[in-house]
Amino acid sequence: MSEVRVRFAPSPTGNVHIGNIRAAIFNYLFARNMGGKFLLRVEDTDKERSTQEAVDALLECMEWLGLDYDETPLYQSTQEQHHLDIAKSLQDKGHAYRFVKGENEVTLFRMPWDLENYSCIRKIDQQELALHADVALEVDAGGVRFATISRKGKAVPMEACHAGYKDLKVFDADGKEIFDLNSNYESIINDEQNVNITDGSKITWTRHSVFFNDIIKGELSKPLDSMKDLVIVKSNGSPLFHLANICDDITQNMSHIIRGDDHVENTYRHVLIYAALGEKTPQYAHLPMIVNKQGKPYSKRDGDAFVGDFRTKGYTAECLFNYLLLLGWSPGDEEKCSREDAIKLFQLEKVKSTAAQMDMDKLFNLNGQYLDELNDEEFLSLVSPFVKEYSWYNGDEKLLKTVSSLMKSRTKLVTQSETWEYYFQLVEPSDEKLIKKILGKEGMKEALLGCAETLATIDFNNSSELEQALKTSAENAGLNPGKLNQPVRFCVTSANGGADLMDTLALIGKEESIKRLKHNAEKFCLA
RNA sequence: GUCCCUAUCGUCCAGAGGCCUAGGACUCCGGGUUUUCAUCCCGGCAACAGGGGUUCGAAUCCCCUUAGGGAUGCCA
């Protein structure tokens, strides 16, 4: 078997989208699993919309996710002349033609008329259709047009390439044959005659379909009479996606094309172009789409679907990689799958062929698991850049180190570190409801101030002594032991949850804890 | 309108005609551990879109309907 070569071929016309990057991930895994090559091709043919910023963002995303590619990236715009040469050769061989419509002239790929020479085309059956009397049947160099009759008697316009209507015969109301396409084909495509039939009543033809085998979706087919000739060179003279994409895949010697579902329709056409060029088609695998919570495909307008956003929101690359990987593919019952295992186990045939919905809650939760599994140093180096941006951060790296290991298991998103402020300075509580709930009881002020007195006499670094002191203070105030813990925490940290209370108090320090306790008790407890 | 594709718990994934009383994970709910919170442990709710076939037997194969997505000549 020849070498596996796959590519990720995004167009740099904006931020990298979650669906795009998943295609990259699957290409990457497939290549690494097969011991093949994973290439990057930047499809920047659309000069109006392609930007350098988008290219930079793209490269950054790939690096972040660890999608290392082989060989030098190919920029499609550098291949333009080659694409045009190919278009010319297709034209010379009769597979393409120039076509004028209004002021515009384009080059179109002509669907093959010699159907029997194409292994990807199969004969289906004989078809018959009634023509609508008000609409003429037209045949010119561009194809066949007519209208059939809907159930309600309305005209239903149909338009397709010549090849779709191979063996076309037109009959009048008396059943007499008044036109056949096969014997007029040459003069029609040479523009020597245009056909316009107004008295046709019925047509018959032989239906043929284009077939290709998709590794994920299985055998796919589409009738030729639902396809039109395809623009390959725009009226401004530049090659269109269809041509450029195929030419570059041939140039880069791709063995498999793994791309989004939305390309299936293109592929029916692409296999014909490969055949016309005398090239072997690569193996195709079409990935299902990723949809949002509303079940709609992510569009460029869905702001939160950009890869870069996940990074700034505090998700780890490993988590996003894992999540995206398991959206549409699974190695079994495991919820988590490391990059190494994924490379080892990846099978294109096992990719689901149905759309998958992105669940942000699940991603959030998974990220928490990933953070929890990091060791303290790894976690610290991940949060540090975020913490250093906060206005309250005073540069105390030693404190940050302790805080981060204390909070690691409680953090699901790196950006949650923003709430660690209380370790660094006094934060006054602001949630009225919580203040009332926790500090609103009668006698709370006295109890807390009394507690501050007791705490002043003990060693904060001895956690059992600290615990005992809190118990005693509660009893002194006539409360059950432990009942003062929550109010003390709230006064010192302004939070109603967090790391172990003794650890927290020890870390904040005796002097500072007592100061805050007094300050907030005075200020927020009822008189 | 026409053509293509798809349909299993709220979500992701398992299921290749009998291992299915449909399994796992996340969420959610209940309980335990933690004198808070999180972690952890135990338990619970919850699905084969509908209708016809084929078969001794269907989530699985076929047909129809419905629903969703995509395409429908110069985006990629």
Side-chain angles (χ1 to χ4, degrees), chain A residues 9-13 20 43-46 48-50 76 99 101 104-109 142-143 147-148 150 154-161 209 214 217-218 220-223 225-236 238-242 244-245 259-269 286 288-289 291 293 295-297 323 326-336 350 352-366 368-369 372 407-412 467 470-471 474 480-486 488-490 495-501 504:
Chain A
S11 60
T13 56
N20 290 140
E43 300 215 327
D44 54 351
T45 45
D46 190 337
E48 316 258 300
R49 299 194 301 143
S50 300
Q76 189 159 68
F99 190 72
K101 189 176 182 182
N104 295 324
E105 186 176 353
V106 295
T107 304
L108 291 163
F109 172 74
T148 184
S150 75
K154 284 186 180 168
V156 179
M158 310 285 273
E159 185 177 359
C161 57
S209 282
D214 188 282
K217 291 173 176 285
L220 263 21
S221 70
K222 186 179 175 72
D225 51 63
S226 66
M227 294 160 80
K228 293 189 239 179
D229 290 347
L230 187 67
V231 174
I232 53 174
V233 180
K234 300 189 216 180
S235 55
N236 69 6
S238 60
L240 197 67
F241 160 75
H242 301 289
N245 188 261
R259 57 177 17 162
D261 227 351
D262 45 338
H263 282 290
V264 170
E265 292 286 331
N266 294 330
T267 305
Y268 293 116
R269 296 157 171 93
H286 287 95
M289 313 234 97
V291 298
K293 197 150 193 170
K296 300 286 176 193
Y323 183 77
L326 262 29
L327 216 49
W329 177 78
S330 149
D333 269 348
E334 286 304 308
E335 191 57 21
K336 288 181 65 183
K350 297 286 273 182
K352 284 237 305 184
S353 63
T354 60
Q357 192 173 81
M358 180 98 184
D359 185 341
M360 293 297 173
D361 292 336
K362 194 164 178 175
L363 180 65
F364 179 72
N365 194 278
L366 187 66
Q369 290 181 36
D372 197 30
M407 296 302 285
K408 187 170 64 116
S409 72
R410 284 156 242 268
T411 306
K412 294 206 173 190
E467 193 175 336
L470 286 170
K471 267 188 193 168
N480 288 332
K483 284 289 174 196
L484 219 44
N485 292 17
Q486 179 81 336
V488 168
R489 172 193 293 280
F490 192 62
N496 65 334
D500 179 81
L501 182 56
T504 304

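Just so it is clear, the model here is predicted, and its values are computed rather than measured. Lettering follows sequence order; numbering is per chain, from 1.
In this entry the distance linking NZ of K362(A) with P of C9(B) reads 13 Å, nearest Å. What separates CG of L220(A) from P of C4(B) is a distance of 10 Å, to the nearest Å. Note: CG (D229(A)) to C1' (C74(B)) measures 14 Å, nearest angstrom. Rounding to whole angstrom units, CG of residue L501(A) and P of C37(B) are separated by 13 Å. What separates CZ of F99(A) from P of G73(B) is a distance of 13 Å, to the nearest Å. Separating the NZ atom of K293(A) from the P atom of U11(B) is a distance of 11 Å, rounded to the nearest angstrom. Between W329(A) atom CH2 and A25(B) atom C1' the separation is 15 Å, expressed in whole Å. Between L230(A) atom CG and C3(B) atom P there is a gap of 20 Å when expressed in whole angstrom units.
If you check every strand for non-hydrogen atoms under 4.0 Å, S150(A) touches nothing. Among the heavy atoms of the strands, none lies under 4.0 Å from K408(A). Contact annotation for N104(A): base contact, defined as any heavy-atom pair under 4.0 Å involving a base atom. Y268(A) comes within 4.0 angstrom of sugar-phosphate atoms only, judged by non-hydrogen atoms across all strands, and of no base. The residue S221(A) sits close only to the backbone: its heavy atoms come under 4.0 Å of sugar-phosphate atoms, none of a base. If you check every strand for non-hydrogen atoms under 4.0 Å, V106(A) touches a base. Base contact: A499(A) has a heavy atom under 4.0 Å from a base atom. Nucleic acid contact class of D361(A) (heavy atoms, under 4.0 Å, all strands): none.
With a cut-off of 3.5 Å on both Watson-Crick or G-U wobble distances, the partner of G57(B) is given as none. When both pairing distances are held under 3.5 Å, U34(B) makes no Watson-Crick or G-U pair with any nucleotide shown. In this entry C3(B) has G70(B) as its Watson-Crick or G-U wobble partner, both defining distances falling under 3.5 Å. The partner of U21(B), taking Watson-Crick or G-U wobble pairs whose two distances both stay under 3.5 Å, does not exist in any strand shown. Under the Watson-Crick or G-U wobble criterion, with both distances below 3.5 Å, A49(B) is paired with U65(B).
Here the nucleotide nearest the side chain of S330(A), chosen from A38(B), C3(B), C13(B), is C13(B). Side-chain proximity of T354(A) to U11(B), A7(B), C3(B): nearest is A7(B). The side chain of A356(A) lies closest to C12(B) when the candidates are C12(B), C75(B), U36(B). Listed nucleotides C75(B), C26(B), G1(B) differ in distance to L240(A); the shortest reach to its side chain belongs to C75(B). Between A76(B), C37(B), G73(B), one nucleotide has an atom nearer to the side chain of T45(A) than all others, and that is A76(B). Ranking U27(B), U36(B), C74(B) by closeness to the R489(A) side chain, first place goes to U36(B). Picking from C4(B), G73(B), G10(B) the nucleotide with the shortest atom distance to the side chain of L108(A) gives G73(B). Closest to the side chain of K234(A), out of U39(B), C75(B), C5(B), is C75(B).
Annotation: A14(B) and A47(B) have their C1' atoms spaced 13 Å apart (nearest Å). C62(B) and G17(B) have their P atoms separated by 12 Å, given to the nearest Å. Spacing of C1' atoms, C61(B) relative to G15(B), comes out at 15 Å, to the nearest Å. Using atom P as the reference point in both G1(B) and C19(B), the two lie 42 Å apart (nearest Å). Comparing the same atom, C1', in G10(B) and in U27(B) gives a spacing of 8 Å after rounding to whole Å. One P atom belongs to U6(B), the other to C64(B), and the distance between them is 14 Å to the nearest Å. With C1' as the reference atom, A46(B) and G24(B) are 14 Å apart, rounded to whole Å. The gap from the C1' atom of C9(B) to that of C26(B) amounts to 12 Å, rounded to the nearest Å.
Residues K293(A) and M360(A) are not in side-chain contact: their nearest non-hydrogen atoms beyond the backbone lie 4.5 Å or more apart. Side-chain contact between P288(A) and T354(A) is absent, with no heavy atoms from C-beta onward closer than 4.5 Å. Put simply, the side chain of F241(A) reaches to within 4.5 Å of the side chain of N266(A), judged on heavy atoms. Within the 4.5 Å cutoff, side-chain heavy atoms of P331(A) are placed close to those of L326(A). For the pair T267(A)/K222(A), no side-chain contact is recorded, criterion being any heavy-atom separation below 4.5 Å from C-beta on.
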I'd like a table of atom pairs between the protein and nucleotides 41-49 of chain B - only N or O on both sides, under 3.5 Å - with the distance next to each one.
none

Check nucleotides 32-35 of chain B against the protein and report each pair of N or O atoms closer than 3.5 Å, with its distance, or say if there are none.
unit_1	atom_1	unit_2	atom_2	d
U35(B)	N3	P481(A)	O	3.4
U35(B)	O4	K471(A)	NZ	3.4

Polar pairs (N or O, both sides) under 3.5 Å between protein and nucleotides 65-72 of chain B?
unit_1	atom_1	unit_2	atom_2	d
G69(B)	OP1	K296(A)	NZ	2.3
G70(B)	N2	E265(A)	OE2	2.8

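Within the 3.5 Å criterion, the main-chain N or O of H286(A) finds no donor-acceptor partner in the side chain of D261(A).
In terms of phosphate contacts, K217(A) brings no side-chain nitrogen or oxygen within less than 4.0 Å of OP1 or OP2 of U6(B). For N365(A) and U27(B), the shortest distance from a side-chain N or O to OP1 or OP2 is below 4.0 Å. In terms of phosphate contacts, K154(A) brings no side-chain nitrogen or oxygen within less than 4.0 Å of OP1 or OP2 of U2(B).
Across N485(A) and L501(A), no two heavy atoms sit closer than the pair O-CD2, 3.6 Å. When all heavy atoms of D372(A) and K408(A) are compared, the closest pair comes out as O-NZ, 3.1 Å.
Projected onto RNA chain B by closest heavy-atom contact, L363(A) and P157(A) fall at different nucleotides, the more 5' of which corresponds to P157(A). Between S409(A) and H242(A), the residue whose closest nucleotide on RNA chain B is further toward the 5' end is S409(A).
Residues meeting the side-chain hydrogen bond (donor to acceptor under 3.5 Å, both in side chains) test with N365(A), sequence neighbours left out: Q369(A). Taking R489(A) as the reference, nothing meets the side-chain hydrogen bond (donor to acceptor under 3.5 Å, both in side chains) condition, with sequence neighbours excluded. Residues passing the side-chain contact (heavy atoms from CB on, under 4.5 Å) test with L240(A) are V231(A), K234(A), H242(A), sequence neighbours excluded.
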